[in-house]
Amino acid sequence: MLRGLRIGVLAICSSLTAWSACAQVLDVTPLPEATWSEPGSISYLQNEHAKSLYSAGEYAEAKTIWQGLAEYGNLESINNLGVYYREGKAVPADYEKVVIYWQQAAEKNFTPSLMNLAGLYEEGFPGHPSDLRKAFETYVLAARAGDEKGAFKAANMVFRGEGVVANFADGHRLL
């Protein structure tokens with residue numbers, strides 16, 4: 001499971017009434033941002049070359065480069081391997097591998113992988129129905145790691161009560 005997940009729901013029960021009000025405990029403290037390859041570095045240039053190969057339909061060559069970079073912990077390459085297996089252009093789509101690759105980079109707070117995972121949880125994928133709670137939690141992690149779109153998506157989910165109890169104050173904190 002993703003580290004640093006501190007989102008929970010706290011039920012506050014009133015002894016005077018038959019119902020309980022819910023307030024959310026939402027941690028929005030920033031997480032350290034993942035390091036990207038420095039533009040101009042060898043790993044950056046190799047990754048860009050692999051992306052151009054992939055765009056040109058040379059999937060096997062792109063995958064070989066990404067696998068080599070992933071062995072050295074290049075998070076963008078790890079994320080791209082997840083995309084490779086999700087799109088299923090050179091091989092049949094394999095969502096188990098997609099999740100493994102994206103979780104590997106997400107554990108290092110790599111926001112593209114966090115956003116990809118959140119979208120996957122939100123949409124669902126073969127054998128796994130949509131999980132809005134998990135999507136919300138992952139969008140919050142992306143927001144805490146510095147992704148503005150993740151904050152926006154999580155805030156909207158809070159406002160609409162999707163995967164979490166609707167809460168106007170938490171939605172505004174996320175924004």
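At a cut-off of 3.5 Å, with distance as the only test, a side-chain donor of Glu87 or Tyr54 sits close to an acceptor on the other residue.
At least one donor-acceptor pair closer than 3.5 Å links the side chain of Trp102 to the backbone N or O of Asn79. A distance-only check finds a donor-acceptor pair linking the side chain of Asn156 to the backbone of Phe152 [under 3.5 Å].
Between His172 and Phe159, the ring planes lie perpendicular to each other; the angle is over 60°, past the 30° to 60° tilted range. The aromatic rings of Tyr95 and Phe125 sit parallel, their planes meeting at an angle under 30°, below the 60° perpendicular limit.
At a threshold of 4.5 Å between side-chain heavy atoms, the hydrophobic network of Ile, Leu, Val, Met, Phe, Trp and Tyr places Val140 and Leu132 in one connected group.
Rounding to the nearest 0.5 Å gives a distance of 9.5 Å between CG of Asn116 and OG1 of Thr111. Thr138 OG1 to Gln103 CD: the interatomic distance, rounded to the nearest 0.5 Å, is 8.5 Å. Rounded to the nearest 0.5 Å, atoms CG (Leu31) and CZ (Arg144) are 4.0 Å apart.
Ring centers of Phe110 and Trp36: under 6.0 Å apart, within the cut-off.
The salt bridge (charged side-chain N to carboxylate O under 4.0 Å, His left out) test with Glu122 singles out one residue from Lys153, Arg133, Lys134, and that residue is Lys153.
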Test Glu48 against Lys51 for salt bridge (Lys or Arg N to Asp or Glu O under 4.0 Å), laying out the working first. CA-CA 5 Å; Glu48 291 300 307; Lys51 287 193 283 188; 2.8 Å; yes
